[in-house]
There are 2 protein chains.
Amino acid sequence: MVGAPPHRRNKREAASEARRQAILDAALDAFVSQGFAAARLDDIVAAAGVAKGTIYLFFRDKQDLFEQVVRGAIGPVFAEMAALAEKTDAPFDVMLAALFEKFQRDILATPKREIPRLILAEGRRFPELAAFYHREVITPGLDLLRRLARRAHQRGELASDALVRQPLLAFAPMLVSLLWTSTFDPIEKLDVPGLLATHREILSAPQARKPTS
Amino acid sequence: MVGAPPHRRNKREAASEARRQAILDAALDAFVSQGFAAARLDDIVAAAGVAKGTIYLFFRDKQDLFEQVVRGAIGPVFAEMAALAEKTDAPFDVMLAALFEKFQRDILATPKREIPRLILAEGRRFPELAAFYHREVITPGLDLLRRLARRAHQRGELASDALVRQPLLAFAPMLVSLLWTSTFDPIEKLDVPGLLATHREILSAPQARKPTS
DNA sequence: TATTTGACTGACTTCCCAGTCATTTGTCAA
DNA sequence: TTGACAAATGACTGGGAAGTCAGTCAAATA
């Protein structure tokens, strides 16, 4: 009986975990809408329905809370997208469409869409967080895209190896959609499906017969 | 003699203008490295070599200072890029190369590179600023790109009208370069020239004979 | 049921920083 | 040279928010 059962050892622990999660949820909201410095713990605490001191039972300080909020929100979604892409064997164009689709449904349409903006905004003051994001999301993401591009190129689905050299170019429009949506949507809505469809259209074209010919 | 001579009416005004500019410079640094909320006026004042109260001779409050910093840093560079592109009559590929070049020299290699990140970071809390940026930079920029794309398409330099429909796709990699450089450069340097060159390569390919054929 | 335990509370302390204003300084006009 | 005036100063204030800790009480235990 050394290892405890994974769920609900007793009432205390269950309630405790619920509190912790409530704090994380409220904190995500607050950090996303106010930024790290301007978010107030008193607001988070009120939204989570706990007392001020409770935060310090779970998190060392405000910064620790921030880091755990961001880390928790990133990992899962990304792993799903990677799994999806790795598993199937569809043509490049189809796979890209599926990824774009999942991206729109699971990220762009949820509060998680704000996370990349938050990391860009606060990355300067949280170098470890930027490093974490780079290590856990960006690098594996680009590696995945590179593998997909290489396979497509070898199969002849992509005429050039441009995306193998710069897989970031396949992702750029998604990032732009994310940031536009987070910032300019109240002013001018972006036609994300149109943007991504046109992007696929460009990528799937028979590129790069030598620039000079 | 109603209109004063444009420069240095007397010692007082010249010194005053110099102080104002010193504050703006110091404030840009501070806001860029700390964000709006965390930047301290005491630091800005110290870096600018003026006293606390001096800020309030020129700016209503911290927010007003922030907005003037950002507005002042954006306008000029962008107008230059637009003028450059509008003036010449070069092929699309060449013009794109020239724009990318100027972008790297005049923005990416200067502190101004931080401005877009700052706007994305703080846009939520400064809706007027986001609107200003959208109106003064983004909209005219996209219009310009659209005109260039349309001309190139009509001339037959671009096989498809993809960029006429979504001019944002021509710009996306520049934005990504900007953000990467601002955030992840200490961790992993981005090969910006390579990225942009590959992007031109993709855009200039003979695209979009109907997806199914 | 009685006792113990420790998770949770929230009023309080402490620090920080935007913004003020009475005082000082330097310039200009007479 | 001097008086008048604006510009600049920086010690100070008020408010706000992060973090603390002695007390409380529901759940676990005997």
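In what follows, chains carry the letters A, B, and so on, assigned in the order in which the sequence lines appear, proteins first and then strands, with residues in each chain numbered from 1. Being a predicted model, the structure only gives us computed values, none of them experimental.
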At less than 4.0 Å, is any side-chain N or O atom of A:Ser16 found next to OP1 or OP2 of C:dC8? Yes or no. yes
Do B:Asp143 and B:Arg147 meet the salt-bridge criterion of a basic N to acidic O distance under 4.0 Å? no
With under 30° as parallel and over 60° as perpendicular, where do the rings of A:Phe31 and A:Phe66 fit, or are they tilted in between? perpendicular
Test the A:Arg125-A:Phe36 pair against the cation-pi criterion, namely NZ or CZ under 6.0 angstrom from the six-membered ring centroid and within 45° of the ring axis. no
Take the angle between the ring planes of A:Trp180 and B:His134 and call it parallel below 30°, perpendicular above 60°, tilted in between. perpendicular
Residues touching DNA chain D, which here means a heavy atom under 4.0 Å, drawn from residues 28-39 of chain A: A:Ala39
Validation row: B:Leu41, B:Tyr56 side chains within 4.5 angstrom (heavy atoms): yes
Phosphate OP1/OP2 of C:dC8 contacted by A:Thr54 side-chain N/O (<4.0 Å): no
Ignoring the backbone of A:Val50, work out which of C:dG19, D:dT9, C:dT9 is nearest its side chain. C:dT9
Please classify the nucleic acid contact of A:Phe58 as base, sugar-phosphate, or nothing, using heavy-atom distances under 4.0 Å. sugar-phosphate
From D:dA8, C:dC8, D:dA18, nucleotide with atom closest to A:Arg19 side chain: C:dC8
Give me, pair by pair, the N or O atoms of the protein and of nucleotides 20-30 of chain D that are less than 3.5 Å apart, along with how far apart they are.
from	atom 1	to	atom 2	distance (Å)
D:dA28	OP1	A:Lys11	N	3.2

